[in-house]
Amino acid sequence: TNGLTVHELAQEIKEPETEVIKFLFFKGIATNINQTLDIPTARMVAEAFDIQVETAEAESEAKKTTEMIDEGDLENLKQRPPVVTIMGHVDHGKTSLLDAIREAKVASGEAGGITQHIGAYHVDVEHEGDNRQVVFLDTPGHEAFTAMRARGTRVTDIAVLVVAADDGVRPQTIEAISHAKAAQVPIVTAINKVDKETANPDRVKQELMEQGLVPEEWGGDSIMVPVSAITGENLDLLLEMLLLQAEVEDLHANPDRLAKGTVIEANLDKARGPVATLLVQNGTLKIGDSMVVGSVFGKVRAMLDDRLNRVEAASPSFAVEVLGLNDVPQAGDEFEVFKSEKEARAIADSRAIDQRQSRLQQAMASRRVTLNTLS
Ligand code: GTP
Ligand code: MG
């Protein structure tokens, strides 16, 4: 299509026509509801009313993953671990499942196990005779998706959809499926709580089929694993399946270049200053690297892995806690390492100025609309 009328747009974004036309009138774009708007204008209006435009987002997300890789990387691409987020309805066992996997896979070999979380962790998995890794993001999948999708960043390679076998598909299950689909992230389903007497995995599969996920054993291509976070049943199988799905996705990056990636979490630590968990999506991050994180400059002073060990380097798909940033960036911001400190500082400065300007513009635009609405 090459456009839609103001009337159609108002219906589409579920806002009163009068508000939409007021906004457009004030901007000098349209004066009556039958006027046709082109797609970019319609999108701008939708965004001004705080509506996320799904198709635009899906496109930009798909683009973002490939943007992390550029032509110069093509000759040095190496396989990287999958980055996985967990999604699902409230109480279906997302946290229990993450904890069970972490305990089974991490704590065993580590004195003291996990003491503190950094927002992501990796587990080692034996796969076809090789030692492989799976990286889990510890943010609730939904938050990770919404916060990062808003910025058009894609960090997840695979979504684990947790569905309780005694409860079945529920509203947030459906929501999770649609989020993953919009982001073009493949879903591996964990049918959880199969230890319960009331568990009915077949009924869950039936309900998932109604949502367009057809299990492999019924001729579809959707992987579904019956598991229990309590007994630990099939957790290994789930990890295996994640690696199989990763093979289908063909995940690669170039470890031999300056690092790029995304902020998973960030906060201000009283003792240590700004601390950020960075997911490396391309290249290798090293101590001493000069980087721009969003609009913040940083020089990596120390890095800690998910077991809180100091590390010297972090390769693609690994997340590390980084010290040495000048300020606290936002989750979802991208980071990039530059060859020289001078270059990184200059870029951070100019981004900070851009950001201030666009914030000012936004403030002015919203003020105008408010005044206009009041009049
Ligand atoms: P929210 O974060 O609130 O959305 O919940 P969640 O999805 O993280 O669920 P959580 O892990 O907190 O588990 C909810 C309840 O289900 C807890 O009481 C768990 O002990 C229980 N539970 C989780 N997994 C299993 C399981 O495999 N079997 C049984 N029997 N109970 C489970
Ligand atoms: Mg939870």
Side-chain angles (χ1 to χ4, degrees), residues 82-108 113-123 125 134-149 155-156 158-183 185-208 211 213 215 222-242 264-265 267 277 279 306 319 331-332:
V83 179
V84 175
T85 13
I86 310 247
M87 309 179 85
H89 194 74
V90 60
D91 271 355
H92 278 197
K94 299 176 292 293
T95 305
S96 306
L97 200 60
L98 267 172
D99 288 350
I101 292 170
R102 176 160 35 192
E103 266 159 42
K105 286 286 155 188
V106 181
S108 56
I114 291 290
T115 47
Q116 186 193 324
H117 89 127
I118 68 161
Y121 66 93
H122 76 266
V123 298
V125 188
V134 177
V135 176
F136 287 90
L137 294 188
D138 207 356
T139 1
H142 186 74
E143 278 171 40
F145 268 68
T146 36
M148 293 181 192
R149 283 183 73 201
V155 293
T156 316
I158 302 170
V160 171
L161 178 68
V162 181
V163 187
D166 62 338
D167 198 26
V169 170
R170 308 277 288 140
Q172 283 168 274
T173 316
I174 296 173
E175 205 180 311
I177 295 171
S178 79
H179 274 294
K181 281 191 177 157
V185 174
I187 296 170
V188 169
T189 305
I191 301 179
N192 191 32
K193 308 197 187 185
V194 293
D195 60 284
K196 282 193 151 183
E197 241 166 61
T198 48
N200 188 346
D202 274 346
R203 199 198 68 199
V204 175
K205 285 181 197 166
Q206 195 74 49
E207 290 173 355
L208 286 167
Q211 302 302 323
L213 298 180
S222 199
I223 300 176
M224 298 183 187
V225 189
V227 300
S228 167
I230 300 290
T231 67
E233 183 182 339
N234 277 345
L235 295 185
D236 281 330
L237 183 63
L238 178 63
L239 292 169
E240 272 288 304
M241 290 300 138
L242 289 172
I264 300 300
E265 281 188 3
N267 57 67
T277 297
L279 175 72
D306 55 347

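Values in this document were obtained by computation on a predicted structure and should not be read as measured data. Along the sequence shown, residues are numbered consecutively beginning with 1. Numbering of ligands and ligand atoms starts at 1, following listing order.
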Closest protein heavy atom to atom 11 (O) of ligand 1, given as residue, atom name and distance to 0.1 Å: Ser96 OG, 2.5 Å
Identify, for atom 4 (O) of ligand 1, the protein heavy atom at the shortest distance, and state residue, atom and that distance. Lys94 NZ, 2.8 Å
Which of the numbered atoms in ligand 1 are below 4.0 angstrom from a heavy atom of Val90? 3 (O), 4 (O)
Would you find a donor on one side and an acceptor on the other, under 3.5 Å apart, between the side chain of Thr156 and the backbone of Ala159? no
To the nearest 0.5 angstrom, please state how far the NE2 atom of His89 sits from the CG atom of Asn192. 13.5 Å
Closest approach of Val194 and Ala165, non-hydrogen atoms and distance? CG1-CB, 4.2 Å
Which is it for Gln206 and Asp202 under the side-chain contact (heavy atoms from CB on, under 4.5 Å) test, yes or no, and what are the steps along the way? CA-CA 6 Å; Gln206 195 74 49; Asp202 274 346; over 6 Å; no
Considering heavy atoms of the protein only, find what lies nearest to atom 9 (O) of ligand 1 and give residue, atom and distance to 0.1 Å. Gly93 N, 3.1 Å
Under the side chain to side chain contact (heavy atoms under 4.5 Å, CB included) test, residues paired with Asn234 that sit two or more places apart: Val225, Pro226, Val227, Leu237
Under 6.0 Å from the six-membered ring centre of Tyr121 and within 45° of its axis: does the NZ or CZ of Arg102 meet both? yes
Start with the C-alpha distance between Leu242 and Val125, add both sets of side-chain angles, then the distance that settles side-chain contact (heavy atoms from CB on, under 4.5 Å), and finish with yes or no. CA-CA 10 Å; Leu242 289 172; Val125 188; over 6 Å; no
Under 4.0 Å from any heavy atom of Thr95, which atoms of ligand 1 are there? 2 (O), 6 (P), 8 (O), 11 (O)
Side-chain donor/acceptor of Lys193 to backbone N/O of Ile230, under 3.5 Å: no
When distances are taken from atom 24 (N) of ligand 1, the protein heavy atom at minimum range is Asn192 ND2, 3.1 Å
So which of Thr198, Asp99, Asp195, Val227 gets nearest to atom 28 (N) of ligand 1, if we judge by its closest heavy atom? Asp195
Does any donor atom in the side chain of Asp167 or His92 lie under 3.5 Å from an acceptor atom in the other side chain? yes
I'd like to know if the side chain of Asp306 and the backbone of His122 have a donor-acceptor N/O pair within less than 3.5 Å. yes
Measure the distance from atom 16 (O) of ligand 1 to every protein heavy atom, then report the residue, atom name and distance (to 0.1 Å) of the closest one. Lys193 NZ, 3.0 Å
Counting no waters, how many protein N/O/S atoms sit under 2.8 Å from the Mg ion (ligand 2)? 1
For atom 18 (O) of ligand 1, is some protein heavy-atom partner under 4.0 Å away? no
for atom 14 (C) of ligand 1, nearest protein heavy atom and its distance come out as Asp91 O, 3.4 Å
Please find the pair of heavy atoms, one from Leu98 and one from Leu137, that lie closest to each other, and give the distance. CD1-O, 4.4 Å
Looking only at atom types and distance, does a side-chain atom of Glu207 sit under 3.5 Å from a main-chain N or O of Gly168, one as donor and one as acceptor? no
Can you list the ligand 1 atoms lying under 4.0 Å from a non-hydrogen atom of Ala229? 24 (N), 26 (C), 27 (O)
Closest approach of any protein heavy atom to atom 20 (O) of ligand 1, naming residue and atom: Ile230 CD1, 4.1 Å
Those atoms of ligand 1 less than 4.0 Å from some heavy atom in Lys196: 30 (N)
